[in-house]
Amino acid sequence: MKGTNLVAATALSLAVTALGAGCGVDENVYNAAVKDRDAKAEALKKTQAELDAEKAAHIKEADRAAILAKKLTSLGQDVSRLETERSGLGGELEQANKRMEELKKAQAQAEARAAQFRKLVTQFKTLTDAGKLKVVIRENRMIIALGDKILFDPGKTDLKPEGKDALTQVATVLKDLQNRNFQVAGHTDNIPIKSQKFRSNWDLSTARAVEVVNFMIASGLEPKRLSAAGYADTSPIAPNDTPDNKAKNRRIEITLVPNLDDLPPIDDALKDAPSASADKG
């Protein structure tokens, strides 16, 4: 429409010029044509101004749209980054909470073991004061140690009366420890044994451990809660350099076997990892 007005105004201007140039044109008609021409020209000028303003507005709007689009893109990137960071923080928080629960569980288990140790020390106080046994913690294991002097004669496996009395009291206490198994281990000094019955200290230490296990079963402990082992002279608690130290190494140790719940948790990654045999298959 605005283009049509421009053409009409131009045509009118030419017509008015032609009329003015001719002869015998009525003055009123001429003036009216000039006036109409000027009005059309003014309308055209106004229309052009409106077009320029509208064009400028469109350009400004386009610039604003571009700026907004850029800001939205930037915000989208920021939101994406924040979501990623939040996800990472959530994972770290979950791991921290899991570790905290593991530490709480480990602390509770440690406190329970400490309480059990104190209870055993109290229950065995009479035997401990008499020098017949010791309750110790070694390599994170709770151990009841009895010297061979009260249990056996040199090179023998038959329990002495004093040793039977001590083991009876030990068995009475251990029977009340729920969900606990026990390993009975025999130990010797480094002097090789020379006997027709025992070829080495391995045979002697193992036979003594088995003898103690059998006596404790007879005293009321369940067989499935007991095991026997012989270590010969491979696990000394003192150098074998004096008679007193050699006597310390000749002993029977009853170890409280840790429960599976006492062991540290297996890492989830190890749980999910395929075994070596599976890889080979």
query: Honestly curious: do Val136 and Val173 fall in one hydrophobic cluster under the side-chain, below-4.5 Å linking rule?
result: no
task: State yes or no: do Val121 and Leu146 share one hydrophobic cluster built from I, L, V, M, F, W and Y residues joined by side-chain heavy-atom distances below 4.5 Å, directly or via other members?
output: yes
Taking [X] first and then [Y], would you say they form a salt bridge - that is, a charged N and a carboxylate O separated by under 4.0 Å?
X: Arg99; Y: Glu102; value: yes
X: Glu253; Y: Arg251; value: yes
X: Glu162; Y: Lys160; value: no

message: Test side chain to side chain contact (heavy atoms under 4.5 Å, CB included) on Arg138 and Ile237; report intermediate values, then the result.
response: CA-CA 10 Å; Arg138 189 186 313 128; Ile237 57 174; 3.6 Å; yes
message: Give me the atom names and distance for the closest heavy-atom approach of Asn245 to Pro239.
response: CB-O, 2.8 Å
query: So which heavy atom on Ala209 is nearest to which on Ala229, and how close?
result: CB-O, 3.3 Å
Roughly how far, to the nearest 0.5 Å, is [atom2] of [Y] from [atom1] of [X]?
X: Leu221; Y: Lys175; atom1: CG; atom2: NZ; result: 7.0 Å
X: Leu177; Y: Met142; atom1: CG; atom2: CE; result: 8.5 Å
X: Asp129; Y: Leu127; atom1: CG; atom2: CG; result: 9.0 Å
X: Thr157; Y: Leu151; atom1: OG1; atom2: CG; result: 12.0 Å
X: Asn249; Y: Asp244; atom1: CG; atom2: CG; result: 11.5 Å
X: Ile254; Y: Gln183; atom1: CD1; atom2: CD; result: 11.0 Å

Check: [Y] and [X] side chains under 4.5 Å, non-hydrogen atoms:
X: Thr234; Y: Trp202; value: yes
X: Ile137; Y: Ile143; value: no
X: Gln123; Y: Asp176; value: no
X: Leu167; Y: Val212; value: yes
X: Phe124; Y: Val170; value: yes
X: Thr128; Y: Leu133; value: yes

Is a side-chain donor or acceptor of [X] paired with a backbone partner of [Y] at a separation under 3.5 angstrom?
X: Asn181; Y: Val257; answer: no
X: Ser235; Y: Tyr231; answer: no
X: Arg225; Y: Arg180; answer: yes
X: Ser205; Y: His187; answer: no

- request: Would you please name every residue forming a side chain to side chain donor-acceptor pair (under 3.5 Å) with Arg118, sequence neighbours left out?
  value: none
- prompt: With sequence neighbours left out, what residues match Asn31 under side chain to side chain donor-acceptor pair (under 3.5 Å)?
  reply: none
- request: With sequence neighbours excluded, tell me which residues meet side chain to side chain contact (heavy atoms under 4.5 Å, CB included) with Ser219.
  value: Thr168, Ala171, Phe215
- request: Run the numbers on Leu120 and Leu256 for side chain to side chain contact (heavy atoms under 4.5 Å, CB included), then give the verdict.
  value: CA-CA 11 Å; Leu120 283 178; Leu256 278 67; 4.0 Å; yes
message: Strictly by side-chain hydrogen bond (donor to acceptor under 3.5 Å, both in side chains), give each pair with a member in residues 189-200 just once, sequence neighbours left out.
response: Asp189-Arg250, Asn190-Lys246, Arg199-Asp203
- prompt: Members other than Ile193 in its cluster, when Ile, Leu, Val, Met, Phe, Trp, Tyr link by side-chain heavy atoms under 4.5 Å?
  reply: Phe198, Leu204
- prompt: Taking only residues at least two apart or on different chains, which pairs with a member in residues 206-217 satisfy salt bridge (Lys or Arg N to Asp or Glu O under 4.0 Å)?
  reply: Asp148-Arg208
message: For the residue pair Gln169 / Asp165, report whether a side-chain donor-acceptor contact shorter than 3.5 Å exists.
response: yes
- request: Take atom NZ of Lys149 as the centre, draw a 6.0 Å sphere, and report whether it contains more than 12 heavy atoms from other residues, nucleotides or ligands.
  value: no
